[in-house]
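The structure appears right after this line, and notes come after that.
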Amino acid sequence: MTDTTAWVSAARVVRRLGFGATGIEVDAAVARGVHRWVADVLAAPPAADPGAIATPAPRLDAIAAPGRAVSAAMRKQVNSERADQQSELTAWWLRRMVSVHNPAPEKLTFVWHNHFATSAQKVRDASAMLAQNEKLRSMGLGEFRPLAYAMLTDAAMLRWLDGAQNTKSAPNENLAREFMELFALGHGNGYTETDVREGARALTGWRTTTDGATALRTRAHDTGTKTVLGVTGDLDASSFCDAVLGHPASSGYVATSMWRQLASDAPPPPDTLRRLTDAYGPRRDLRALVTAIVTDPAFTTSGTSIVMSPVEWMVGLARALTPQVTPQQITMMTSALRTLGQLPFFPPSVGGWPAGQAWLSTAGAETRFGVATRFAAHATPAVVIDAAPRDRIDALGHLLGVGRWSDRTASVLRTAVGHPPALTAIGLNSPEYLTA
């Protein structure tokens, strides 16, 4: 088994910018040099990835909402068509996560999906969810301001947070409040209920169009003077976005949010946060921020462990065990993720999914072990099967990107060296794999 500090540190970087890590991926990062490897994977265009090309997005036509006068049977049919489209979309994204050669763009798309959490449960339009997904992917390593504004005026977000019901005669505060509290500033960071009300007025008038896009309906927009966080004028969505992002607390909030998703379940130490906000800078550079997170000295300390979320774990399992998932395996993954409480496109609230120890329940462990056992029974790689029994634990460690096993885990693994699928399932559920 590889047991060098450099390899273990590189494995952590590979894992956080992907879904799990294989030894082959870690070896490539070590050979390239971690800093150069990080620059390369963050610069690679997602659309050019061979795995992404092989898994094109589904064609999803918007399904018109049934009118009030339609029959119950017709309403049921429309709902069924919507559900089928959403299932197709979820299956596609899982397949793409598994298939891409460079998982960093998909991992960061999922990170932003959790940050700007939007649920298909309420949106009920798979084409709008796909459009948002593509925005998160294409803009997630640019500057935060264009991304934030795109989410403020996004069709799925407008439906999710009632922006389409926000008019000058009846302002709806939901989107303005959540944008400040969860997306850009942080709860209690200097805004007041007056800022929320004034922000809602600034966001009035945005509507979805028949082609799935959004547009400002000027008749419904409040053109009066508003004041948000000390900025006064005829504020609209653009100037509201600037007022919020210009608040001194915003950069630290965004940097901390990204740190907690990529580096540690705990917030960054003060010195680290200063380095992150310096990298983020006045341009709000997300590529520079992500780079700073995974190359910061605090990133590789023992206190920066993260519990793998179900999606990270499930996709990492598939990427390690099989080069191409079957439709039956995708169905199994989807069902298990629903049971585990983290199905893509269905966050439980605008606050996103929980993190940390919440994923380590007894029921969750039983589900994970069952999935790992079924996958391993048909897809344990030859690198483990063909290894001599005395070498299989090390071979499994390399396969899963685990540089060292604890004595306790190694003792459990030794009981299964004669049965490679069982050995693999145990390794996939070990503390070293789940919390590295």
Side-chain angles (χ1 to χ4, degrees), residues 16-19 42 46 93 97 103-120 122-123 128-129 131-154 156-158 160-161 163 174-187 189 241 244-245 247 249-268 273 276-277 279-280 284-294 306-312 341-356 358-359:
R16 304 296 173 76
L17 288 180
F19 303 94
L42 295 183
W93 196 14
M97 290 179 189
E106 296 311 309
K107 173 62 173 289
L108 291 169
T109 302
F110 189 73
V111 166
W112 286 121
H113 175 39
N114 191 34
H115 183 88
F116 291 105
T118 307
S119 176
K122 181 177 178 180
V123 175
M129 296 300 295
Q132 186 190 81
N133 180 266
E134 291 176 336
K135 290 174 190 174
L136 297 175
R137 182 177 295 104
S138 64
M139 304 177 76
L141 281 171
E143 296 176 8
F144 186 68
R145 198 280 182 187
L147 174 61
Y149 179 73
M151 291 299 103
L152 268 177
T153 57
D154 173 74
M157 185 66 74
L158 289 176
W160 172 233
L161 292 180
N174 206 9
L175 180 55
R177 183 183 304 279
E178 303 302 2
F179 186 80
M180 286 191 277
E181 180 173 330
L182 296 173
F183 299 160
L185 195 55
H187 180 69
N189 276 341
C241 185
V244 176
L245 299 192
H247 190 281
S250 180
S251 61
Y253 176 76
V254 174
T256 298
S257 176
M258 291 297 285
W259 172 268
R260 297 190 73 158
Q261 294 205 67
L262 293 172
S264 174
D265 291 328
L273 182 57
L276 300 186
T277 53
Y280 183 65
R284 306 181 182 95
D285 188 329
L286 295 173
R287 179 177 281 108
L289 173 59
V290 172
T291 301
I293 288 171
V294 298
I306 277 183
V307 176
M308 265 190 172
S309 73
V311 167
E312 291 174 296
Q342 194 183 45
L343 187 64
F345 299 112
F346 290 91
S349 73
V350 68
W353 285 282
W359 298 125

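Here, residue 1 is the first one in the sequence, and each next residue gets the next number.
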Mind checking the NZ-CG spacing from Lys107 to Leu17? Nearest 0.5 Å is all I need.
7.0 Å
Between Thr109 (side chain) and Pro105 (backbone), is there a donor-acceptor pair under 3.5 Å?
yes
Sequence neighbours excluded, the answer for side chain to side chain donor-acceptor pair (under 3.5 Å) partners of Arg177 is Glu173, Glu193
Spatial distance of atom CG (Asp285) from atom OG1 (Thr291) [nearest 0.5 Å]
8.0 Å
Quick one: CE on Met151 to SG on Cys241, what's the gap to the nearest 0.5 Å?
11.0 Å
Taking Arg287 for its side chain and Gly142 for its backbone only, find out whether a donor-acceptor pair lies under 3.5 Å.
no
Within the structure provided, determine whether Ile293 and Met258 are in side-chain contact (heavy-atom separation under 4.5 Å).
yes
How many angstroms lie between atom OG1 of Thr153 and atom NZ of Lys135, to the nearest 0.5 angstrom?
6.0 Å
Short side-chain to backbone donor-acceptor contact, Trp359 and Pro354, under 3.5 Å:
yes
Of all the heavy-atom pairs spanning Ala156 and Met129, show the shortest one and how long it is.
CB-SD, 3.9 Å
Between atom CG of Leu108 and atom CZ of Arg16, what is the distance when rounded to the nearest 0.5 Å?
13.5 Å
When you measure from the side chain of Arg284 to the backbone of Val254, do you find a donor-acceptor pair of N or O atoms at a distance under 3.5 Å?
no
Aromatic ring proximity Trp353/Phe110, centre distance under 6.0 Å
yes
Heavy-atom pair with the smallest gap, counting every atom of Ser264 and Ile306:
N-CD1, 3.4 Å
Is the shortest heavy-atom distance from the side chain of Pro347 to the side chain of Thr118 under 4.5 Å?
no
Please answer whether the main-chain N or O of Leu182 pairs with a side-chain N or O of His187 as donor and acceptor at a distance below 3.5 Å.
no
Take Phe144 and Leu286 through the side-chain contact (heavy atoms from CB on, under 4.5 Å) test and state the conclusion after the steps.
CA-CA 6 Å; Phe144 186 68; Leu286 295 173; 4.0 Å; yes
Less than 4.5 Å apart, any side-chain heavy atom of Met97 and any of Val311?
yes
Partners of Glu143 by side chain to side chain donor-acceptor pair (under 3.5 Å), sequence neighbours excluded?
Arg283
Give a yes or no answer on whether the side chain of His113 reaches the backbone of Asn133 with a donor-acceptor pair at less than 3.5 Å.
no
With a 4.5 Å heavy-atom cut-off, do Phe183 and Leu161 have their side chains touching?
yes
If I take atom CD from residue Glu312 and atom CD from residue Gln342, how far apart are they, to the nearest 0.5 angstrom?
7.5 Å
Any residue meeting salt bridge (charged side-chain N to carboxylate O under 4.0 Å, His left out) with Glu181, in chain and number order, not counting sequence neighbours
none
For Gly140, is there any backbone N or O sitting under 3.5 Å from a side-chain donor or acceptor partner on Trp112?
yes
Do Ser250 side-chain atoms and Ala184 backbone N/O form a donor-acceptor pair below 3.5 Å?
yes
